[in-house]
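Structure first, commentary second.
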Amino acid sequence: MADKYPHHQIEPKWQQYWDENKTFRAVDFSEKPKYYILDMFPYPSGAGLHVGHPEGYTATDILARYMRMRGYNVLHPMGWDAFGLPAEQYAIETGVHPSKKTAENIATFKRQIKSLGFSYDWDREINTTDEKYYKWTQWIFLKLFEKGLAYEAEVPVNWCPALGTVLANEEVIDGKSERGGHPVVRKPMRQWMLKITAYADRLLEDLDEVEWPDSIKEMQRNWIGRSEGANVHFHIPAIDKSITVFTTRPDTLWGATYMVLAPEHPLVESLTTPEQKEAVRSYQNQAGLKSDLDRTDLAKEKTGVFTGNHAINPVNGGKIPIWISDYVLMSYGTGAIMAVPAHDERDYAFAKKFDLPILEVVSGGNISREAFTEIEDGVMVNSATPDGRFSINGLKPSQAIVKTIQWLENEGKGKGAVQYRLRDWLFSRQRYWGEPIPVLHTDDDGVIPLNDSDLPLTLPVLEKIKPTGTGESPLANAKEWVRVVDPESGKVYRRETNTMPQWAGSCWYYLRYLDPDNDKKGWSAEKEKYWMPVDLYVGGAEHAVLHLLYARFWHKVLYDLGYVSTKEPFQRLINQGIILGEDGDKMSKSRGNVINPDDVVREYGADTLRMYEMFMGPLERAKPWSTKGIEGIFRFVNRIWRYFVSEHGELQHLSDVMAPNEETLRQVHGTIKKVTEDLENKSFNTAISQLMILNNHFRTLDTVPRESFEIFTLLLSPFAPHLAEELWQLLGHDQTLAYEDWPKYDEVYLIENTIRLAVQVNGKLRDTFDISSEASKADILAKAKSLEKISRHIKGKAILKEIVVPKKLVNFVVK
RNA sequence: GCCGUGGUGGCGGAAUUGGUAGACGCGCUGGAUUUAGGAUCCAGUCUCCUCCGGAGGUGCAGGUUCGAUUCCUGUCCGCGGCACCA
């Protein structure tokens with residue numbers, strides 16, 4: 001009995017070989033077609049790699065290796081998204097500087113990733129915390145600033161007193177901080193914002209140009225949330241001002257029986273009547289105390305207060321009461337709505353609660369029971385101007401919308417408008433461990449951007465990183481760094497102490513890989529033209545919206561400025577599903593179901609881990625880990641090894657002279673076909689199962705023709721590269737197989753002389769039989785009828801129909 | 001609530017221009033080998049029945065069809081995202 005596959009020797013041996021020979025270096029500019037295949041780079045956490053990381057990395061690695069063998073010039077890089085809160089929190093707790101902790105974490109991640117044998121071009125490794133990298137992150141910020149896309153604003157932010165910092169919405173879960181679970185309150189603060197809303201339409205439209213999963217595109221569309229409608233002006237005689245509302249249903253203007261303002265609306269103060277002042281103020285206070293979440297939580301029951309004042313409905317002169325309620329958000333539209341209770345569910349609920357009139361203007365529903373919101377089924381009624389000169393009665397709502405907008409525009413009472421759910425991007429963080437924002441502030445609140453030549457603006461080394469407690473970044477503690485004196489004028493400036501969010505570095509890293517050592521530019525135009533766009537981008541679905549939207553936004557800005565040549569950065573996208581614990585739950589330390597890839601590599605080797613992660617099921621789906629399952633793959637690897645390699649380390653069961661027989665040729669070429677097609681479709685699990693089938697076939701042969709085994713080795717190599725390289729060397733080759741031609745199949749060998757047909761009677765399977773693939777329809781029917789099991793079922797019955805599906809089945813319909 | 005996505009043996013999963021449901025792997029059962037265990041190898045393994053033959057079966061209920069995991073209608077459940085967006 002031969003030994004087990006000695007992965008402890010073989011895997012490090014080939015990893016070293018690939019390193020020393022720079023086997024996977026991507027060459028800029030080549031006659032070969034290019035293929036840029038990218039992984040979402042990891043945040044190197046202190047916990048190290050978990051088995052979820054290698055899932056996507058293995059998929060891209062298999063494809064990268066496959067594409068090299070298909071003759072492509074492949075760019076497949078890896079790097080580190082290394083800024084972020086955890087290292088800063090760690091520094092605050094332990095006093096260890098984030099740069100030190102980050103370097104350690106990166107070293108661990110790199111060792112772990114390298115132990116899996118991925119074919120990255122390590123010469124292009126990047127690190128977002130490297131000043132040579134973030135110099136260019138800052139440079140892009142200056143471009144955004146020059147274009148007027150970066151601005152400062154007082155905005156209410158999620159202030160977490162315990163962390164002494166402001167959190168992004170995505171870092172707040174259930175009103176508590178994601179890290180630590182501390183309470184979070186809203187507090188207005190001066191912040192940097194990026195005007196992503198200026199690109200809303202293009203971010204939406206260009207989704208049509210990329211090959212992404214529909215679900216991700218849909219999520220981005222929903223996030224952008226474009227809706228068409230009209231802004232309509234309502235006059236308020238008491239204060240002689242008008243309030244503009246946004247509505248998607250201008251057709252229902254005649255049914256607007258009241259108006260609602262957000263409690264924070266600036267006109268609330270002036271239009272509230274003295275009698276209502278008290279009630280309004282107390283409602284405003286209540287609403288102000290609630291976080292957004294509380295407001296939506298308590299939304300089941302509508303609340304609100306009458307301001308005492310009225311507005312004039314512009315279409316019919318009707319006097320309608322103005323209320324305030326927190327179901328109207330200041331942050332969307334104009335912070336004011338016209339309420340049409342008959343045709344809007346929220347308005348309906350509010351009107352019922354406060355006994356406000358409900359007026360039907362679209363017939364077809366039953367407004368005594370519920371709001372009728374259909375815009376295709378239904379007919380406009382009660383909708384004409386008092387003088388009768390304009391009417392939409394009798395129209396479908398969808399037509400009435402268009403007509404009403406035209407009329408509003410002609411009358412100067414409103415205008416067609418588009419609203420987005422998307423908000424501008426809150427871009428500053430009150431943190432130390434991030435890219436410094438390269439601007440100076442003057443005494444009089446002026447902002448002066450740094451010159452390109454002043455970049456990078458590096459982080460000062462702080463002896464101790466601690467929150468200022470005021471909400472400012474710990475950088476504010478670096479007094480000498482903050483104070484800048486102009487040597488010529490002697491003027492004193494204050495540096496910006498906010499830093500950029502973690503998203504910043506990941507918004508353009510795919511460009512830095514193209515030209516990682518360039519210190520004159522972020523990347524060269526020629527290299528960008530050669531390599532972009534990213535042909536395939538693989539990562540977790542948790543980045544479906546934010547990272548991908550932010551990166552697309554930056555890319556479009558760079559496109560407008562002429563720095564990149566493609567409208568979209570990522571042509572194709574695949575989201576890998578998460579790997580669950582053996583118990584089917586999400587892996588987490590608290591559940592104790594975490595699998596450490598180091599343990600798996602030690603016990604089974606990298607080839608087994610790689611193949612198991614691919615064999616578990618379709619890449620996109622969530623799948624539970626199974627220790628028994630990985631042993632099955634380990635057996636497969638060992639069966640290959642033991643059958644073909646003797647205990648003396650020499651090949652066996654092979655023949656140089658024997659030609660493959662018909663069956664072996666069919667199996668080998670069928671496998672080439674199946675594996676190739678599966679790789680094109682990213683169906684790694686079925687490709688591996690086909691390799692198993694071929695290996696099972698080999699093991700039924702005493703002697704396997706060498707040429708057949710060589711093909712098997714090449715087909716196996718993207719999946720289990722260490723094992724394949726070793727076999728390739730044993731087969732007598734003195735160079736890596738990484739650039740061997742991918743095997744081609746010949747249809748000739750796939751033709752079967754005899755085929756097995758199924759025979760059904762009334763659609764039920766009754767028997768099967770073998771017949772020449774060339775047999776005529778008549779022969780097939782005759783033979784089928786002659787089968788004992790068939791004649792039994794058709795005897796004495798009338799055959800109504802005889803169906804022959806070529807190469808598949810025969811079906812008799814009898815009665 | 002809305003949007004997206006999925007539901008197939010004991011388990012992971014395979015098969016959709018509609019054509020033999022359960023490939024491959026795990027687990028399980030039996031056998032070989034072994035002092036024994038492990039490892040390895042061979043065979044079997046959707047369920048049920050009156051078992052050389054039948055019946056049922058892809059979340060559930062219907063429909064279209066000679067034939068449905070695949071198409072259509074309704075419905076239930078899991079997962080992900082959004083959540084008063086006017």
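Basis for what follows: all heavy atoms, side chains included, without hydrogens, waters or symmetry-related copies. Throughout, protein chains are lettered first and strands after them, A, B, ... in sequence-line order, and every chain is numbered starting at 1.
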**Prompt:** For A/Phe615, what residues pass the side chain to side chain contact (heavy atoms under 4.5 Å, CB included) criterion, not counting sequence neighbours?
**Reply:** A/Ile633, A/Ile688, A/Ser689, A/Met692
With sequence neighbours left out, write down each residue that passes salt bridge (Lys or Arg N to Asp or Glu O under 4.0 Å) with [X], or none if nothing qualifies.
X	value
A/Glu228	A/Arg226
A/Arg699	none
A/Glu360	none
A/Asp344	A/Arg346

Who are the ring pair (Phe, Tyr, Trp, His ring centres under 6.0 Å) partners of [X], not counting sequence neighbours?
X	answer
A/Phe712	A/Phe698
A/His233	none
A/His50	A/His53

Would you tabulate the pairs of protein nitrogen or oxygen atoms and nucleotide nitrogen or oxygen atoms of nucleotides 56-59 of chain B closer than 3.5 angstrom?
| residue | atom | partner | partner atom | Å |
| --- | --- | --- | --- | --- |
| B/rG56 | OP2 | A/Lys764 | NZ | 3.4 |

For nucleotides 41-45 of chain B, print each protein N/O atom paired with a nucleotide N/O atom at under 3.5 Å, atom names and distance only.
| residue | atom | partner | partner atom | Å |
| --- | --- | --- | --- | --- |
| B/rC41 | OP1 | A/Arg699 | NH1 | 3.4 |

**Item:** Protein proximity profile, nucleotides 10-19 of chain B - base contact B, sugar-phosphate-only contact S, no contact -, cut-off 4.0 Å on heavy atoms
**Value:** --BSS----B
**Prompt:** Considering residues at least two apart in sequence or located in another chain, which fulfil the side-chain hydrogen bond (donor to acceptor under 3.5 Å, both in side chains) criterion with A/Arg421?
**Reply:**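 In terms of side-chain hydrogen bond (donor to acceptor under 3.5 Å, both in side chains), with neighbours along the sequence ignored, A/Arg421 is linked to no residue.
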